[in-house]
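Okay, structure first, notes after.
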Amino acid sequence: LPFGVEAAIGYAPNTSDGMGNSYKSGGAQSDADKDGSNATQYRISATPIDGLTIGGDYYEVGGDKIATISQEKSGGNVYAKYAMGNFKVGYYKGKLEPAKTTDKAATASADTATALNGDRYESDGFGVEFAVNDQLSISYMSEDFTRTDITNDGTGSTYSASSVTSEQTTLMAAYNI
């Protein structure tokens with residue numbers, strides 16, 4: 001394809017048992033749950049000019065879901081990276097909306113019991129790498145991870161979002177023997 005375009009679609013049947021129970025696997029097919037009974041992922045990437053790669057992916061669940069689902073699981077990422085000589089730079093942005101069986105937005109409080117109970121997660125980061133020589137490279141990376149909770153004022157008409165962000169900065173040196 002022109003510009004080095006690559007596309008892929010992946011499908012996983014019967015994901016509700018946690019093992020993608022295929023025709024080769026023994027045992028009964030699992031019941032429906034909040035994450036659905038199958039998953040599909042789409043990916044595309046391109047290299048429009050030498051050294052530049054751009055791409056993205058999207059993930060969604062489908063099939064049998066329990067009746068009380070209030071938010072379906074989905075997520076995706078986009079990225080760009082550029083390499084020139086011994087120097088590389090890259091950026092990514094991602095989002096995830098986990099499956100929910102209760103509508104937290106219909107209540108007046110957020111579910112903050114664990115880091116995994118947010119309504120939406122976003123991440124973004126960038127990195128820079130320099131290859132000093134064939135054996136030694138040094139790199140820097142900065143990432144932000146945001147968890148967003150959506151709550152209701154109790155009347156059902158006013159919603160608000162609260163977010164918590166975690167930041168990470170990494171310096172690395174790698175030496176190949």
Side-chain angles (χ1 to χ4, degrees), residues 1-48 52-83 88-107 110-127 129 139 141-151 161 163-168 170 172:
L1 295 172
F3 301 111
V5 172
E6 294 180 6
I9 298 174
Y11 176 76
N14 196 21
T15 58
S16 56
D17 69 356
M19 295 182 281
N21 195 0
S22 72
Y23 70 93
K24 294 179 183 178
S25 180
Q29 180 173 330
S30 298
D31 294 332
D33 69 5
K34 67 180 180 176
D35 291 325
S37 61
N38 61 57
T40 306
Q41 184 158 10
Y42 309 90
R43 184 186 61 81
I44 188 165
S45 64
T47 52
L52 177 65
T53 303
I54 56 175
D57 66 72
Y58 178 74
Y59 169 88
E60 64 184 353
V61 298
D64 295 331
K65 294 181 216 102
I66 57 178
T68 58
I69 194 85
S70 62
Q71 175 175 293
E72 293 185 4
K73 184 177 184 180
S74 65
N77 302 283
V78 293
Y79 69 91
K81 61 183 177 176
Y82 185 72
K88 295 178 186 175
V89 62
Y91 175 80
Y92 79 92
K93 184 162 189 70
K95 292 190 177 192
L96 168 68
E97 291 185 337
K100 296 289 178 182
T101 55
T102 58
D103 190 358
K104 290 185 344 188
T107 66
D111 177 6
T112 57
T114 71
L116 300 176
N117 286 335
D119 291 306
R120 181 176 59 241
Y121 297 89
E122 297 180 32
S123 60
D124 66 290
F126 72 92
E129 178 184 335
S139 58
M141 184 157 194
S142 176
E143 297 177 283
D144 291 338
F145 304 95
T146 303
R147 171 194 159 147
T148 302
D149 289 298
I150 300 171
T151 57
S163 298
V164 176
T165 300
S166 170
E167 298 174 356
Q168 175 178 314
T170 308
M172 294 175 276

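Residue indices begin at 1 and follow the sequence shown. Just so you know, these numbers come straight off a predicted model, no measurement behind them.
- One side chain, Glu60 or Tyr42, offers a donor N or O that lies under 3.5 Å from an acceptor on the other.
- Side-chain contact annotation: Thr146 with Ser163, donor-acceptor N/O pair under 3.5 Å absent.
- The NZ atom of Lys95 sits 12.0 Å away from atom OH of Tyr58, with the distance rounded to the nearest 0.5 Å.
- By the side-chain contact (heavy atoms from CB on, under 4.5 Å) test, Tyr91 pairs with Lys93, Asp124, Phe126, sequence neighbours left out.
- Applying the side-chain contact (heavy atoms from CB on, under 4.5 Å) rule to Gln168 yields the partners Glu143, Phe145, Thr170; only residues at least two apart in sequence or on another chain are considered.
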query: Given the rule in the side chain to side chain contact (heavy atoms under 4.5 Å, CB included) test, do Tyr59 and Lys73 qualify, once you have shown the distances and angles that lead to the verdict?
result: CA-CA 8 Å; Tyr59 169 88; Lys73 184 177 184 180; 3.9 Å; yes
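- Looking at heavy atoms from C-beta onward, Asn38 lies out of side-chain contact with Val61 at the 4.5 angstrom threshold.
- Residues passing the side-chain contact (heavy atoms from CB on, under 4.5 Å) test with Val89, sequence neighbours excluded: Tyr82, Phe87, Val128.
- The distance from the NZ atom of Lys81 to the OG atom of Ser45 is 9.0 Å, given to the nearest 0.5 Å.
- The two atoms that bring Ile9 and Thr40 nearest to each other are CG2-CG2, 4.1 Å, heavy atoms only.
- Residues passing the side chain to side chain donor-acceptor pair (under 3.5 Å) test with Ser166, sequence neighbours excluded: none.
- Partners of Ser142 according to the side chain to side chain donor-acceptor pair (under 3.5 Å) rule, which considers only residues two or more places apart in sequence or in another chain, do not exist here.
- With sequence neighbours left out, Ser74 forms a side chain to side chain donor-acceptor pair (under 3.5 Å) with no residue at all.
- Shown here are the side chain to side chain donor-acceptor pair (under 3.5 Å) partners of Glu122, two or more places apart in sequence or in another chain: Arg120.
- Residues Lys88 and Ala83 approach most closely at CG-CB, 3.8 Å, considering heavy atoms.
- Taking all atoms of both residues into account, the shortest heavy-atom contact from Gly4 to Thr47 is CA-OG1, 3.6 Å.
- Residues satisfying the side-chain contact (heavy atoms from CB on, under 4.5 Å) test with Asp57, not counting sequence neighbours, are Gln41, Arg43, Asn77.
- Across Pro98 and Tyr121, no two heavy atoms sit closer than the pair CG-CE1, 3.8 Å.
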